[in-house]
Novice: 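Sharing a structure here in structure tokens format.
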Amino acid sequence: MELAYIPSPSSGVLYLGPVPLRGYAFCIIIGVFVAVWLGNKRWIARGGRAGTVADIAVWAVPFGLVGGRLYHVITDYQLYFSEGRDWVDAFKIWEGGLGIWGAIALGALGAWIGCRRRGIPLPAYADAIAPGIAIAQAIGRWGNWFNQELYGRATDLPWAVEITSSADGRMPGTYHPTFLYESLWCIGVALLVIWADRRFTLGHGRAFALYVAGYCAGRFWIEYMRVDEAHHILGLRLNNWTAVLVFLLAVLYIVLSARKRPGREAVVEPGAGDGEGPAADAGQTDGGAAGKDASAEDATTEDATDTDATDTDDAGKPGTSEKPDESEGPAEPEESKDGAGSAKKA
């Protein structure tokens, strides 16, 4: 008898009055909002405009959802096109079934389109949103908990997840909560990318490649624990082979990119300094300071010119810099020491 375990919800649907909120879709939506929020903060810190990440996400997210669903349906086609199955279920994305490999691949295509329309380098954008994507995955994995799916081998560990549903070949019992393992792993990957980005000033897509490599490393051992139906090649699940291949490609990219284009992009969004954002504020501050310095310099130059003008007479000879005070009336003639001058005038 298990003394402790993680209970599964009796239903994957939450109701807000008459409106049904499916737990799986709800987790995906929250994950997207968090990814955009964090990506926006990182993009602004890199010198970009506020709102750019969200604008490009309008392209990336739909492409990612379609790509994730396509990968799942293609690699698990027997769930939708075998005898006794209804192919219409392939469109019921709210019931679960998104392949991260397809989501990233097609999502990158959507992001590329959005970046191209704004004249932004895709690698810089990818670096900004990489930790946010990892956190979005961590949140999204809890959608599997709502659907009682993607669990591991049977176990009696205190953190085992209880499966109560018997639909689609499930056997009620307690199993390894692989959704929880992957969620925690993704949070660790996000923190790793943030730390490495600050420590090594990653650029040109290397922060995103680090996220990909880190995720693949964890996905390999987590995938190995799963017991749901999947295609096998040489004794390993298809997603294991995919994780190995993508991991090697990500590491290769990091090495080659660091050699070819070291450092980080100086400008991530053309014209960002001319509009709103930190770059513009910095420019205005510098401009104001420069204006003050220029005014002070002009004032000094004018004072010097006035001084030179009063220190010379019309003949170019030195004269007095003092001017008579016209308010006291005409200057009286200078008297001699013995007063002779005054007597002659009288």
Side-chain angles (χ1 to χ4, degrees), residues 31-32 34-57 59-61 64 100-101 103-105 107-116 118-139 182 184-220 243-273 277-279 282:
V32 169
V34 172
V36 171
W37 171 78
L38 180 57
N40 183 66
K41 291 179 65 67
R42 288 173 53 80
W43 184 252
I44 294 174
R46 291 283 301 273
R49 288 192 179 97
T52 297
V53 170
D55 292 342
I56 297 177
W59 289 89
V61 172
I100 185 60
W101 317 111
I104 294 297
L109 174 60
W112 176 79
I113 294 174
C115 288
R116 185 176 178 83
R118 300 179 69 98
I120 293 172
L122 177 61
Y125 179 81
D127 285 341
I129 65 173
I133 293 178
I135 294 178
Q137 287 180 253
I139 297 173
E182 186 167 336
L184 295 175
W185 183 271
C186 286
I187 293 175
V189 170
L191 295 176
L192 171 65
V193 173
I194 293 174
W195 171 82
D197 192 27
R198 293 177 178 176
R199 175 66 176 81
F200 302 105
T201 316
L202 301 178
H204 301 287
R206 288 188 288 276
F208 183 82
L210 177 61
Y211 145 71
V212 172
Y215 172 75
C216 289
R219 180 61 183 267
F220 182 86
V244 171
L245 176 61
V246 176
F247 173 84
L248 294 176
L249 291 175
V251 172
L252 180 63
Y253 178 87
I254 293 174
V255 174
L256 296 180
S257 175
R259 292 179 179 178
K260 185 178 180 180
R261 306 185 71 182
R264 175 184 285 178
E265 299 92 340
V267 178
V268 296
E269 186 169 3

Novice: Between atom CD1 of Ile194 and atom CD1 of Ile135, what is the distance when rounded to the nearest 0.5 Å?
Specialist: 5.5 Å
Novice: Would you please test Val246 and Arg219 for side chain to side chain contact (heavy atoms under 4.5 Å, CB included) and show each step?
Specialist: CA-CA 11 Å; Val246 176; Arg219 180 61 183 267; over 6 Å; no
Novice: The criterion is side-chain hydrogen bond (donor to acceptor under 3.5 Å, both in side chains); which residues satisfy it with Asp197, sequence neighbours excluded?
Specialist: Arg42, Arg264
Novice: Measure the shortest side-chain to side-chain distance between Glu269 and Trp43 over non-hydrogen atoms and say whether it is less than 4.5 angstrom.
Specialist: yes
Novice: Any idea which heavy atoms bring Ala190 and Ala134 closest together, and the distance?
Specialist: CB-CB, 3.9 Å
Novice: Could you walk me through whether Arg116 and Trp59 satisfy the side chain to side chain contact (heavy atoms under 4.5 Å, CB included) test, starting with their C-alpha distance in whole Å, then the side-chain angles of each, then the deciding distance to 0.1 Å, before giving a yes or no?
Specialist: CA-CA 11 Å; Arg116 185 176 178 83; Trp59 289 89; over 6 Å; no
Novice: Closest heavy-atom contact between Ala130 and Phe208?
Specialist: CB-CA, 3.8 Å
Novice: Between Leu202 and Asp127, is any pair of side-chain heavy atoms under 4.5 Å apart?
Specialist: no
Novice: What I'd like to find out is whether the side chain of Pro131 reaches to under 4.5 Å of the side chain of Trp195, using heavy atoms alone.
Specialist: no
Novice: Return the minimal non-hydrogen interatomic distance between Ala250 and Ala209, and the atom names on each side.
Specialist: CB-O, 3.6 Å
Novice: Show the nearest heavy-atom pair for residues Pro262 and Arg206, with the distance to one decimal.
Specialist: C-NH2, 3.8 Å
Novice: Within the structure provided, determine whether Tyr125 and Arg118 are in side-chain contact (heavy-atom separation under 4.5 Å).
Specialist: no
Novice: Can you find a pair of side-chain heavy atoms, one from Ile133 and one from Ile104, that are under 4.5 Å apart?
Specialist: yes
Novice: Run the side chain to side chain contact (heavy atoms under 4.5 Å, CB included) check on Val193 and Tyr215 step by step: do they pass?
Specialist: CA-CA 11 Å; Val193 173; Tyr215 172 75; over 6 Å; no
Novice: Atom NE2 of His204 and atom OH of Tyr253: how far apart are they, to the nearest 0.5 Å?
Specialist: 8.5 Å
Novice: Applying side chain to side chain contact (heavy atoms under 4.5 Å, CB included) to Ile129 and Ile56, what does each step give before you reach the verdict?
Specialist: CA-CA 11 Å; Ile129 65 173; Ile56 297 177; over 6 Å; no
Novice: Could you tell me whether the side chain of Leu210 reaches within less than 4.5 Å of the side chain of Phe200, counting heavy atoms only?
Specialist: no
Novice: What is the minimum heavy-atom distance between Gly39 and Val53, and which atoms define it?
Specialist: O-CG2, 3.5 Å
Novice: I need the minimum non-hydrogen distance between Ala243 and Cys216, along with the two atoms involved.
Specialist: O-CB, 3.5 Å
